[in-house]
Structures are given as structure tokens and as C-alpha cells.
Amino acid sequence: MSVAWQRAIRAADALCVAGGALGGLWIRSRPGPARDRLLSRLAPLAPQKIGPATGDDALFGGADLIGSISAGRILRQEGILSRATALHLAMAERCPPALAARLAQSLDADGPAILLCDESAEPDEMPPASLCERVGMFVPLEGIGLSDLDAPAIQDLARARQIFPHVSVPEDLRDAVIAGAARLGISTLRAPLFALAAARASAALDGRDRVVAEDVSLAAALCLAHRAVPPPEDTADPPPPPDPGREDSAPGQRMAGDIIVDPARMALPPGLLTGLAVARQRADSVSGGAGQARQSTLRGRPLVSRPGRPDRGRIDAIATLRAAAPWQTVRRRLRPGDARRILIAPSDLHVRRYEERSERLVVFVVDASGSAAANRLADAKGAVETLLQRAYAARDRVALVAFRGDAAEVVLPPTRSLVMAKRRLTGLPGGGGTPLAAGLDAGLDLAIRARRAGSGATLVLLTDGRANIARDTTANRARAMADAEGVAARVRAERIPCLVVDCGTRPGAVLKDLAATLGAGYLALPRVGSDALNAAVSA
Amino acid sequence: MRHSFPFAAIVGQDDMKRAMVLTAVDPGIGGVLVMGDRGTGKSTAVRALAALLPPIRAVVGCPVNAARRRDVPDWAQHAEDRVRSIPTPVVDLPLGATEDRVTGALDIERALVDGEKAFQPGLLARANRGYLYIDEVNLLEDHIVDLLLDVAQSGENVVEREGLSIRHAARFVLVGSGNPEEGELRPQLLDRFGLMVDVTSPRDVDTRVEVIRRRAAYEADPAGFLRIWKAEQDGLRTSILAARKALPQVATPSDTLRDCAGLCIALGSDGLRGELTLLRTARALAAMDGASAVARSHLREVAPMALQHRLRRDPMDESGSATRILRTMDEVFGPLPAAAE
């Protein structure tokens, strides 16, 4: 039986004991035997299943319209939120922001615990951040094989539940959890609270009324690991401990810290932490879940119809009739002589709405090599920030890829946030070789991904065109240019609109050719200035 | 119903607490916007504030919490003649709330059963005389935002539908919160909030320990925890009530008016709303301090929260708006006496 599986089972048992105090359990897994087994372990909570499409009627209850019409009297249905002890949110990564907000509100008011069943496939998919924040524990089930799935004997839940309220946490362990969370870079204070609850539940499961070190280690793996901010890779020195003076004076403190930080670091498969952090950034910039969709009256995925006038879109006949139906008795009474079969008032009219993801992502691919880097970066930075300022109206998102040395880096993942852009763009380094192909590659990747998520994408390339680093990172001018042309052809094949800004001191044919391959506009501006650049991008 | 965490027991977050207390002294300041990370106690603070405030007197059964029988709207059907105390209402407005739920709509049940047209009040009615709290306000749909702005401006909710014309009082303090990394607020909405404060998680471990310690003590025994904090809660409540009473008597010397104008001109803040809010907030602070007149020191303390969201942003300026305000204050008022020593 693997450690990860053992931990998952323990998390499920802890949730059965502590319920709402733990918020819930975030299960990242595709459907399969492991998840089924884990969910069956949670049966004592009797979770009610809901999905991304669950609406307010079902959540909060109210008159059951359909039932009432057939029964001829008012039938009420009770809301899931008021009767459930736990909720099972299927396909949590598709959960729309509105549903997430309601569930978050319910969790804040001590509502039912939530099982987030997250079937994310892409690294940048994840359930809405507001729910991940309020659900205490995380278990990834990837890599757990059939042979791992022994179910340890179910513990005595009734007794554990009885003990749970009386379990105490020794002060040094409590402080270790809090300090450990801080050392892992976790800013939210909900995390240590959840970890303490999980530790207490773990103690209760063993029939103890006092938390010991191993409860705390388990809690760190379940509640803290996935919230940890990965340490910056290229800085050599580790983050300083929060309070070195105190640690020196109390050697027990350091040990206590290790029982938090180490299990937390070991809890996740390698690479997952970075993946989650990236996903978190991306999800933050688009509000998570199903993302920032735009409503349209013409195209896209159907949404709930809204009252409206027919000149604002197409009429939804069914919704209109449904709106009119309850009023027939009243209207009949008011207009006794009216012979029409159905009395429809203008306020019944519903128009169809569709969700159209028509926002645009502008990807700046900026040459950060050589001596002119500082100027170019400053121009790009100015343009990014000015574009974002207008983003309220235009719904544009902006991303920035910088290439230098032998690689390209996504400096600013797609965002609409000025705050984030400013933070990321401060102190961008420059200098080194010109790996043009790598830069275009990274830009194309972002653009395609944005398009897959339903938004438009535009590439803006700022360079002086002297590519000298090939894709295999060798310094070979001819190969470098050929590689760049190769990527350019792909960009064109994907029909991604493009703009090439030549900022060489002597604009030349090389970039004109590249622009032609890209099917892009070409702008020769030795010293662009963010205003001119903006005008070109907005045009 | 569960008790709320006591306001006085919230650790740190002084700007947020001060902003909320000042809007309690003078609701006319017009709402607080709290921007910052998740898990910093934003929603705890709103609920705690409402629990701190003294109960309001409201007509039993009145959907808009009217104080007197004659203020009860005529469409209200179940209002009685009795008046009783109710806690200051705090109403959550969740993302994705439909227009019908916010403004109120025709009561479909009554139509089905009795064939009767009746109005079912919405969230705005319930928030009257209390607080309307919007978490993740920066992700709210535009048409709901427009509607809120309109009602917050007029203090009245008007619903015209199905031949019914309903209007009722909707005066509430708007409290919004959100994370700036998830998206910006439209400038029009920013300007509607009287005050804006930034919150961050405490960095210092001892403070974090204290937060968790209090939270855990509260969870373990809410009633006992409230008893321990009762004296402080009562003290804070008394000073808010005293400040409300003293507020009309706080004098506004012409020097202070000149200071206000000078600061706003130097900062180039948009419109007069900033100047008015600055003065109003400074007066509330003076009342809280028991001062007889508004002084420059009051202006200094509240200028960042009253003005930072009304400045034109300069994309090239790395420092935040709050820093710019502090800098400008030093230029306009001269450096702080303490700093000059």
C-alpha cells in the first residue's frame, strides 16, 4: 500500500470526523478505481452530488415549478445546501465563478463540507481559487495503481467524532504549524487553521485527546503542501527562517519546523508543486474555473435566457412561455374578454444569450538580447501597461515572453491585472544571444493555448532580427534564422494575427522576409516608444 | 444563529478596522473597498462589525427593516404595528446573483397559488439600514454593478415590471472585497466606494500565531470567548456611539478646508468626491478621537484610504498610490513633526 494512498484514506477519515471544520477535500484525479474507492470511504458523510450546472433552485430550494404545475398545487423543494451534510462537486475544474461564489459563501457560514472532484488534464486547469482556498485538504491520486488499493480497516468513527472536540494541540506543535506554513510561503491564514483541525482529527482517529508530531506531519502533507509557493529556482540561498534568533534559543523549534516543512515538501509528486503554482497564477488571472466568459446574444455556448426585447437578440420561445404561464390566471381576470389562448405581456419576452469567449490575448514576444535590450524592454513594458489600463473596455489580456541567452521565458503569464504586470516586469534582465525561434515558439504556445480556451490571440514580435542562437541552443546564425522561419510558418498556418516591430538601428530585409512568412504586418521603428507601439497594436 | 467573531479581537489589520469603524460613525462616507490576499479576515471583519454595532429598531415583518410604521412600503403585506430590535443586517451579494434576486421581483408562488400579483423583495431590501457585502467585487457582472451604483447613489430601489411599480428605500453601506491580481475594478465603481484599504497577511510569525490562537479559542468555545472580549467590545461600541453623537459638533476650521483642497489639487485627484470624502472621514476620525475640531493630523491619517483609489494611475510609477499620497502630503503639509525630530 503506497504512502500516497494511505494518506488519501487518512484524509477521507479525517473529513468524516471533522466535517465542516476542514472545509472539505480536493481530490485531483480522473475517474477510476482509486477515486471510487476513496469516495466510498467518504460514504459516512452521505455526500450529495452536484455539478457545474447546478442552479440556485437546487441549491437553495424554493417552489418546484414543474412539479407544481403537474400537481396543481405548490410543491416546495428543499435546497441541497440546507439539507446536505456534504457535497460532492463533480468536474470541479469546470465550476463557473457564480456557483463557486455560492459554495464559498456557504462554506464561510459553516455549510456542508465539499468534495472537489477535479479532473483537470492541463497543468493550467484547476477548480476556482475561491473554493481551493476554503477546502482544507488536497490529495492527488495520480500514480496510484490497482495493487495499492487495500482499504485499511475502517476506524471507529463514532468514537473519533466524540473525542474530536476535546483534542488539544500542544503549544509548540501549534506554533510549528504556523511557522512552517509561513516558511512554505503560504500567506492565507486559513491554511494553518485547516492543518490544526486535520491534526486534531488524526489524533481523534487514533483515540488520543492530544495531538502528537506525526498528526502534525500528516496535516502538513494534506493541508499545507499544495499551497506552498515553490522556492525561486535560480536563487542559490534558501529563504531565511522567519525568526533566526528564536530558533537558536529554542532548538526544539527547528525540529518542530522540520516535521512540517519536510513532509509538506515530500507529499507531492515532483513537478506537481510547480505545476500547481503555475496553474494558480493562470487561474488567478482569469478568475479560475470556467474563466472569464463574455456574454453575447449571437454565438457561443447557450446561457440562461434573460428578459429582454426582441431587438436585443433572438427570442427564446420556451422561456417566454414559461415566464407567461404563471400569470395566465391573473391576466385572464384582468382582461375577461380577451379571446387569445395565451396572454403574453412584453415583460415575458426572453432573449437567448450565449457565452462568447471573445476576449483577446496580446502576446508580446520581446527580444531581450544585446545592448538595445533595455530600451526595447522599456517600450514593451510601457505598451503592456497601457494596454492593460484600457483593458476594462477592450477585455484584452496581455502576456509577455522575453528571449535572451539560449532560451525564452514567459515573463508575464496571460493577465488582465495591472498590479501583477507591474510586479513581474520590474527588473527584467537583458543581454546575451538572440534565440528568436525559441521566443516565437513560446509565444505561439501561449497563443494556441489561449485560442483553445476560446479567446482570440495576437502576437507582437519586437526584435532587431539578428537571430544567432538555434533551437538546439548552438550559436549558429544561419540555422537560427532557418529555425525562426520554421516557427513563423507554423504561426501562419495557425492563422494567428501578428505584428513584427523591427527595432534594429538599420531596419533590414531579414525581418521583412520573416514578416512575410508570418503573414504579419511589419513596422520599422528603430526606437519605438510605447505610444507608437500601442497605436500599432490597437489598430 | 451563530455568534460573530468579536471585532475587538481581530489581530492587526488596523487600516481595515479603522476604515470600517469610521463608516459606522458616519455611514455617509459611503462604503469601504478592501483589496488583498485571500484568508486575511476580510469577511470576518464585516460580519464582526455588524455584530459590534448596536441593534436597530425595526417594524416586525417589514421587508426593508423600516424604523417606523409609516416608513413601511405599501406593498409589504406582513408588516405588523410592533417594533422590535434586530441586529444590524449584513447581506451577502454573491457573484452571479440574478437581477431579480438583487432588486426583487414578482412573487411567482403567489401568482401560481392565488393568481395574485405580489412583490418579492430582493437583497437590496434586506440590506436597507445595514451592510451590503460583495466578495470578489472585481468579478461582478457589469449589469449588476451598474444597478448597484444606481441604487447606492439614489438610496432607493425602483422596480418596474409586469405593470407593477415598486419603490423602496435601499440605504446601505457597501463593503466590497477582492484580490487585485484577479482583475481591476472599473474606475466608476472604484470611485463609488468612499474608502479603500489594502490588506495583506501578517508576515510576522508571532502575529500569525496570535491570530490562530484567538481563532482556535473562539471556535472551541464561542460564548466563553465573547465573554472575555465583552469589555473591549462594549468600550468600542460606546466610543462609536459617542462619536456619532459628537459628529455634528465637530468644527471644520477654514485651514483644514484649505489643506484638503491643497492636497487634492497637488495629487490631481478626479472630481470633488475625493475632497468631500476626505473631509467627511477626517471629521469622523476627529469625532472618534473626541476632538472638537478637525486638524491636519486627522487628514494625514485618513488621506491614503480616502484618496488612493481616485488618483489617475501612472503606469510608469512603480510605487503605489498610497505612497504617492504620503509623499505629496509631506510636500504640501511639510514632513511629520515626529519625522523632523
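Summarising the geometry, atom CG belonging to A:Leu189 is positioned 14.5 Å from atom CZ belonging to B:Arg38; distances are rounded to the nearest 0.5 Å. Atom CD in B:Glu219 sits 11.0 Å away from atom CG in A:Leu196 (nearest 0.5 Å). The distance from atom CD1 of B:Ile212 to atom CG of A:Leu193, rounded to the nearest 0.5 Å, is 4.0 Å.
At least one side-chain heavy atom of A:Arg174 sits under 4.5 Å from a side-chain heavy atom of B:Val209. You'll find the side chain of B:Arg203 reaches within 4.5 Å of the side chain of A:Ser187, heavy atoms only.
Residue B:Arg101 touches chain A through its side chain alone, counting heavy-atom pairs closer than 4.5 Å. Heavy-atom distances place no part of A:Leu103 under 4.5 Å from chain B, backbone and side chain included. With a 4.5 Å cut-off on non-hydrogen atoms, B:Ser43 touches chain A through its side chain but not through its backbone.
When each of A:Ser130, A:Ala197, A:Ala101 is checked for heavy-atom pairs under 4.5 Å with chain B, A:Ser130 comes out on top.
The salt bridge (charged side-chain N to carboxylate O under 4.0 Å, His left out) search around B:Asp198 returns none, not counting sequence neighbours. For A:Arg190, the salt bridge (charged side-chain N to carboxylate O under 4.0 Å, His left out) criterion is met by A:Asp108, A:Glu133, not counting sequence neighbours.
In terms of heavy atoms, B:Arg208 sits closest to A:Ala182 at NE-CB, 4.2 Å.
Salt bridge status for B:Asp135 with A:Arg134: present, with a side-chain N to carboxylate O gap under 4.0 Å.
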